[in-house]
Structures are given as structure tokens and as C-alpha cells.
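Naming: A, B, ... by sequence-line order, numbering from 1 per chain.
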Amino acid sequence: MATILTSRDVHVYYGNHEALKGISLDFEEKGITALIGPSGSSKSTYLRTLNRMNDMIPGVTVTGNIAFQGNDIYAPQTDLVALRKQIGMVFQQPNPFPFSVYDNVAFGLRIAGQKNREALDAVVENALRQAAVWDEVKDHLHDSALALSGGQQQRVCIARVLAVSPKIILLDEPTSALDPISSSQIESTLLQLRKDYTIITVTHNLQQASRIADRTAFFMNGEVVEVDDTKKIFMNPAKKETEDYISGRFG
Amino acid sequence: MRRQFDDELADLDNGFTEMGMLVSDVTQRAVDAFINHDRQSAQAIIDHDHDINEREIQLEAKSFEIIALYQPVTMDLREVVTILKAVSDLERAGDHARNIAIATIAVKGNTRVAEIEAQIAEMGHLTTKMVQSAIQAYVDKDAEAAKALVTFDNQLQEHQKVITDASYQQIIQNPDVLKAATNYNIVAGDLLRIADYMTNVGEWIIYLKTGKIVELKFLN
């Protein structure tokens with residue numbers, strides 16, 4: 001399996017505060033990696049460095065190297081819009097735009113200049129199918145996305161990311177605002193998508209990590225304590241800190 | 001941070017240790033009853049066998065409950081799984097102690113062979129020692145002590161072979177000992193089975209400590 005994303009000695013500072021203390025993690029094409037760790041361990045901060053979401057926060061400094069398909073994403077010539085098409089992000093709170101389901105999913109393509117109705121129809125349908133929400137919304141494509149349930153909204157948001165054909169999907173606690181059934185639907189969706197996409201998800205739900213992730217990285221105090229196959233992490237981790245966190249002794 | 005889970009697990013752990021001591025005790029008493037031709041004591045063992053069976057069921061139910069309610073992982077999961085698996089081994093060992101008690105009653109009143117009974121006494125004491133060592137290894141969570149159990153098993157196999165050969169020899173020489181000698185064989189077989197189950201307990205202790213599932217008999 002080829003490596004698609006590398007990060008080397010990544011530090012993030014909020015002003016003088018060092019939030020990330022030198023993270024080096026690689027991601028291969030396809031599959032799911034879960035980032036777990038206590039609140040304040042900076043796993044979301046790390047996730048946001050991977051498509052430069054931290055750029056929007058004033059006073060943030062990122063050092064180290066992050067390369068997508070061998071290209072430094074922090075290089076001055078990087079086209080941020082193009083980068084975020086390749087590396088999409090789904091957030092904790094479902095955040096559909098106040099448009100119709102169709103317009104939400106078609107949004108990225110329209111921005112990119114796609115006007116052909118048939119082409120748009122095909123992409124919207126395909127993305128909604130991949131996000132496992134097509135059957136539920138196909139008769140309401142032109143109704144407001146805000147009228148959908150939280151779980152449906154989240155899957156529409158996933159479809160919105162998929163519509164622009166990303167290589168990597170970042171998810172920041174994608175189910176923590178959802179009920180167990182909606183969460184389970186998102187998990188099934190991700191398990192389908194892992195065959196075609198590299199998925200990196202931050203989760204506080206350890207059982208979710210153990211159910212869906214191929215690989216799990218344990219973050220604590222801005223560092224990666226341990227990263228390994230999920231089975232190893234949950235059955236016999238190498239580090240005591242991991243063991244203590246996984247088994248609920250702290251965190 | 002002390003978790004509710006730790007209290008539940010401590011209860012389960014104590015329950016398992018108690019059951020281990022019970023099995024250790026019943027093995028000892030079964031061996032003694034056989035050696036001393038003590039029919040009364042043998043009957044008491046048979047009458048109380050269900051105590052061990054009930055404990056097994058309780059510990060299994062408690063393990064299922066802990067898994068469902070706490071979803072343990074890593075070492076926590078291994079502790080619960082170890083008990084869930086080893087508790088069956090303890091129960092089966094208890095069954096074989098009961099079989100020895102049944103043999104004690106069956107032999108009573110028949111012509112016996114003192115020489116073989118002395119060998120059974122020796123094998124019985126060694127088995128009892130092995131059961132105690134297995135329970136102690138569990139209490140100490142000592143993987144090295146668990147590994148050492150296999151040496152008992154090897155010695156006991158030798159004992160069994162000697163007893164079986166001697167029993168057949170005696171039957172050839174004096175058919176009157178048929179009933180007793182057949183039961184000597186059975187008892188030696190039961191003792192060896194108890195040793196097998198204690199070896200299994202040892203394997204689960206190693207799993208608990210290392211996460212590796214091993215066959216102790218093939219480890220050395």
C-alpha cells in the first residue's frame with residue numbers, strides 16, 4: 001500500500017503554548033485511522049493541520065513537514081481550495097448549508113465551475129449513494145437539508161465532501177452529536193468508504209474506534225504515545241499510558 | 001483512579017480463587033479418602049459436587065455481566081476471559097475428584113493391592129500439590145510459576161504409566177484383584193486429567209499476563 005500523507009515533527013503553537021509537540025505519523029492509501037486521546041490531547045489540532053484548517057485561527061504557528069502525495073501542503077504555492085478538495089473535512093456538528101440537499105452536495109462542483117446539469121445530477125446521486133443516504137433523501141433532493149435528521153444531515157455532509165472526489169476524508173468526532181442508530185449508520189458508511197478512501201477520524205468513542213478503525217493512534221498531551229493496529233491497541237497495547245486510557249483508568 | 005469495574009473484577013477474582021481452593025481441597029480429600037478406604041468421606045464429596053458446579057455457573061454469569069456492562073479491553077478483558085475459561089477447567093477437575101470418590105466406594109470390600117495403593121497415594125499427593133501450585137500461580141498472577149506446572153504434568157504421566165502397568169500385572173497374577181485394579185487405573189486416569197486441567201489453568205494465567213495463547217505441553 002502506498003503512503004499518501006506523511007507528517008514529520010509537526011508542532012503547533014497557539015501563541016506561546018505548544019499544543020502539538022512533534023508528531024510524525026504516516027497514512028497509507030485507503031483504510032481508517034482513528035485518533036483517540038483525552039480532551040486537550042490535541043488530536044483535533046493535529047487533524048486540522050492535515051488540510052490547513054488551523055490557518056484560519058489567529059496566532060497559530062505550524063512547524064514541521066506535512067506532505068500530501070509527496071508535496072508539502074504548507075508550501076507557499078499550495079492552492080488551499082484544491083488541497084481541501086483532495087483532503088475534505090467532516091465536523092462534529094452536522095453543518096449543511098441552508099440550501100436544498102442537492103445544492104449542498106453540488107456546492108463544491110459548482111464552485112469549481114461545473115454547470116452541466118446531467119453531470120451534476122450524476123455526481124450528486126453517486127455521492128449520496130456512497131454516503132448511504134440516497135434512499136432516504138432521493139425524493140427530497142430539493143427540500144432544505146436542514147429539515148433532515150441529524151444523522152441524515154451528517155451523511156449529506158459526507159456526500160458533500162465525496163462529491164469533489166477527495167483522496168482523504170478527515171472527520172472530527174463525526175458521531176458525537178448523533179444518537180446511537182445514526183452513529184451506527186455513519187459507521188457503516190465509513191466502513192464502505194474505507195475501501196476507496198483514506199479516512200482519518202478523531203473520536204472520543206473508544207468502541208467506535210475499535211469497531212471501525214484499521215489503525216489507532218493514541219494522543220496525550222500533544223504527543224503520540226502509541227500507534228498500531230487497532231486490535232493490538234485494544235487487546236495488548238505496548239505502553240502503559242495507552243492501557244490506562246483505553247481501560248478507563250484516566251481520561 | 002479506582003473504577004466501579006475494579007470492584008466488580010475484584011469480586012470475580014476472589015470468587016475464582018475461592019473456587020480454586022475448593023477444588024484443591026476436594027482433590028486432597030478425594031485422594032485421602034481413596035488411600036484410607038474412607039467410604040463416608042467419599043460419599044460427602046459426591047454429595048457436595050454440585051457446590052463446585054454452582055460456583056462455576058455463578059462465575060460465568062458474573063463474567064458475562066461484566067463484559068456486557070463494562071466492555072472491558074486489554075488487561076481487563078484478559079482477566080475476565082481467563083476466569084471465564086479457567087473456571088470450566090476447575091469445574092472439570094472437580095468432576096474427576098468426584099470420580100475418585102465414586103471409585104473409592106466401588107473398591108471398598110474388594111481384594112486390594114497395598115503396593116499400588118502406595119503409588120496412588122504418591123501420585124495423589126503430587127496432584128494435590130499441583131492443584132495448589134496452579135491456584136497460587138493464579139493468585140500471584142505469576143506466568144513463570146504457571147509455566148512450571150508442566151513439570152508436574154510430566155511426572156504424573158510417569159506415575160500413571162507405572163500404576164497402569166502394575167495393575168495389569170496384578171490382574172494376571174491374581175484375578176481376585178480385578179475390581180480394585182480396574183479402579184486403580186481409573187483413579188490414576190482421573191488424577192492425570194486433573195493435572196491436564198491444571199495445565200490449562202496455567203495456560204490461561206500466561207494469556208492473562210502476556211496476551212499469548214500457548215500450549216504449555218509444547219512450549220518446553
Against chain B, label A:L206 side chain, backbone, both or neither, depending on which of its atoms sit under 4.5 Å from a heavy atom there. neither
So, using side-chain contact (heavy atoms from CB on, under 4.5 Å) as the criterion, who are the partners of A:Q86 when residues are at least two apart? A:F68, A:K167
Suppose we screen for side-chain contact (heavy atoms from CB on, under 4.5 Å). Which residues come up paired with A:T63, at least two apart in sequence or across chains? A:H11, A:Y13, A:T61
Can you pull every donor-acceptor pair closer than 3.5 Å across chain A and chain B?
unit_1, atom_1, unit_2, atom_2, d
A:F234, O, B:T74, N, 2.9
A:M235, O, B:R78, NH1, 2.8
A:N236, OD1, B:R78, NH1, 3.3
A:N236, ND2, B:T210, O, 2.8
A:E243, OE2, B:T74, OG1, 2.8
A:E243, OE2, B:M75, N, 3.0
A:S247, O, B:R3, NH1, 2.4
A:R249, NH2, B:D76, OD1, 3.0

With sequence neighbours left out, the residues meeting side-chain hydrogen bond (donor to acceptor under 3.5 Å, both in side chains) with A:K195 are A:Q192
